[in-house]
Amino acid sequence: MLARLDQPIAAIATAPGRGAVGIVRVSAKDVRAVIDAVCGRALKPREATYLAFRAADGSAIDQGLAIHFPAPHSYTGEDVLELQAHGGPVVLQLLLARCLQAGASIQLRVAEPGEFTQRAFLNGKLDLAQAEAIADLIDASTEAAARSATRSLAGEFSREIHALRDALIDLRMLVEATLDFPEEEIDFLQKADAQGQLDRIQSNLARVMQRAQQGALLREGINVVIAGQPNAGKSSLLNALAGAELAIVTPVPGTTRDVVRQTIQIEGVPLHVVDTAGLREGADQVEQIGIERAWGQIEKADAVVFLHDLTRADAPEYRAADAAIAAKLPGDVPVVDVWNKVDAVAASSVIPAPSSVTAAPSPVTAATSSVIPAPPSVIPAQAGIQSSEAPGRKPWIPASAGMTLLASPATVLSTPSPTAPSAPSAPTLPAPAGLTLSAPAGLTLSARTGEGLDALRKKLLELAGWQSAPEGVFIARERHLHALRRVDAHLMDAAAQLARAAQALDLLAEELRLAQNALSEITGEFTADDLLGVIFSRFCIGK
Ligand SMILES: Nc1nc2c(c(=O)[nH]1)N(C=O)[C@@H](CNc1ccc(C(=O)N[C@@H](CCC(=O)O)C(=O)O)cc1)CN2
Ligand SMILES: Nc1nc2c(ncn2[C@@H]2O[C@H](COP(=O)(O)OP(=O)(O)OP(=O)(O)O)[C@@H](O)[C@H]2O)c(=O)[nH]1
């Protein structure tokens, strides 16, 4: 790909399909041959001219706007011709074919994905992090992700990286200068406060890493799988979270047979929510395949919402089936226990929690699979999330909710109730200590009324590790995080070296050099060609 940099390229720049306007772009050392043939006249630099795009026989392919961006003042830094036509797939194909024909003498060819932007990078119009931000902006699935990509495109992320790099270069120069005067080294470094310089670089790096980590979350989102027995209300919950009727909801158990997926956003963080077939034994063949797919999704999830049906919480066979599912859940995926249909349960049967008792994080017990969640009416609740949406009622989580999931990291995230419940009909029973302390809470909600949904949204964000307000976040890729982690490791080694009584200044200098190189990979000053190829080939065609 890189070897073909001197070749002229052309592509349809707009998305496939119909649109009001569609654009064909040509980038070359010199595009005048194409302008002459297709536009039939010279164009003023950087000015849109309304004219007919001509076929070889002189007939009009379309009427539109043509703009010539003479090199180097263009998107790619080369000579660029942009033809803005009507946005039909056929007319744009015709126009592209016409450009290729007109540019045959200069060996004009169709551009590969990302090739225009790659040229912009190689011609110094933008750095690698900015080029990636363009792709991230196009791919952004939430407003917050788009805004942070725009900031990176404008160079905010790159500026932070450059500031770190410059500070590193200063320190390197100091150390290398000291290397030349070994007899004075300790004094020299101390006077120049090498230690202080390194400390500052490390703490600035930590701040950049934190912002980039949050940005990676914005870019990728997290995969949340809703799992549970048939009829728990999984499809209803997906619909409620998405605010749309996406999945089929019926009272018939086993309605969902295939995986239904929807990206929703919570505070700008994309959550890819997956509704799965109800997990049960003895399903028919089709349903069984759905169940296998559900397990496949659970294995891949970043978090599982394990949905239980509060109206069936009393039934021993229901609880046994829940326990069997819990036992099969992978230990390394966080699980949130959620009890649905709180609207259908009389307030008196859900017992409030005494405010003084909190659920303690419990150690993982070997017996998890045999612990069956008890119905809310028999075991007093100790902890729960109070619905923020229905101030009149106080739904409390059964103490046992989630008992089967002690292995799950999510279970310790529950919020103990700060206030005493006011439901007058609810008896406050003393808590059997052994049971309640080991009982982590889940959430109660109603997919039907929306009660409790906000608490679930909050919990999912918490699970995702979301902390920031989106303003401070850099859209970041795994590649950037990986580079930052390597910078961090080299700086730690450098710090260890600096702290030694007998410093090996050459080793210190080497660590600083490696840290600088890792940093420069982010902006592309120090990046292997094959990596560049991979990065740009993931762009969309015409970009
Ligand atoms: N019609 C149209 N809209 C578009 C693009 C395009 O190519 N065409 N873009 C493409 O993806 C994006 C804008 N990117 C661009 C970046 C630089 C230049 C450009 O001409 N730069 C010159 C001059 C700068 C100046 O006048 O200040 C330069 O960098 O020298 C143009 C578009 C989004 N919108
Ligand atoms: N009262 C009440 N009923 C609900 C609630 N959520 C779902 N339901 C009902 O429960 C039944 C099952 O809902 P679904 O969303 O289809 O359940 P599911 O878990 O996706 O079911 P499968 O597709 O069989 O796995 C439907 O009749 C829903 O109307 C709720 O919050 N309250």
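Remember, predicted model here, so these are calculated numbers, not experimental data. Ligands are counted one by one from 1 in listed order, and the atoms in each one are counted from 1 as well.
- By the definition of a contact as any protein heavy atom under 4.0 Å away, atom 34 (N) of ligand 1 is not in contact.
- Within ligand 2, the atoms closer than 4.0 Å to a non-hydrogen atom of Ser235 are 15 (O), 18 (P), 20 (O), numbered from 1 in the order shown.
- Taking the centre of each ring, His480 and Phe157 come in below the 6.0 Å mark.
- Atom 13 (C) of ligand 1 is never approached by the protein to below 4.0 angstrom, counting heavy atoms only.
- Residue-ligand proximity, Ala447 to ligand 2, at heavy-atom distances under 4.0 Å covers atoms 6 (N), 31 (O).
- Looking from atom 20 (O) of ligand 1 to the surrounding protein, the closest heavy atom is Arg46 NH1, 3.0 Å.
- The nearest protein heavy atom to atom 27 (O) of ligand 1 is not closer than 4.0 Å.
- The presence of a protein heavy atom under 4.0 Å from atom 23 (C) of ligand 1 is confirmed.
- Relative to atom 30 (C) of ligand 2, the option among Asp343, Leu445, Ile291 with the closest non-hydrogen atom is Asp343.
- Using modelled atom types, no side-chain atom of Asp79 and backbone atom of Ala28 make a donor-acceptor pair closer than 3.5 Å.
- When the heavy atoms of Glu451, Lys341, Glu287 are ranked by distance to atom 8 (N) of ligand 2, first place goes to Lys341.
- Atom 5 (C) of ligand 1 has as its closest protein heavy atom Arg25 NH1, 4.5 Å.
- Given atom 1 (N) of ligand 1, the protein heavy atom at minimum distance is Glu82 OE2, 2.5 Å.
- Protein heavy atom at the shortest distance from atom 15 (C) of ligand 1 is Tyr75 CD1, 3.7 Å.
- Relative to the ring axis of Phe53, Arg98 does not place its NZ or CZ within 45° and under 6.0 Å from the centre.
- Between Arg119 and Glu115, at least one side-chain N (NZ, or NE/NH1/NH2) sits under 4.0 Å from a carboxylate O, which counts as a salt bridge.
- By the 4.0 Å N-to-carboxylate-O rule, Asp275 lies too far from Lys234 to be salt-bridged with it.
- Using a 4.0 Å cut-off between a side-chain N of Lys or Arg and a carboxylate O of Asp or Glu, Arg477 and Asp136 qualify as a salt bridge.
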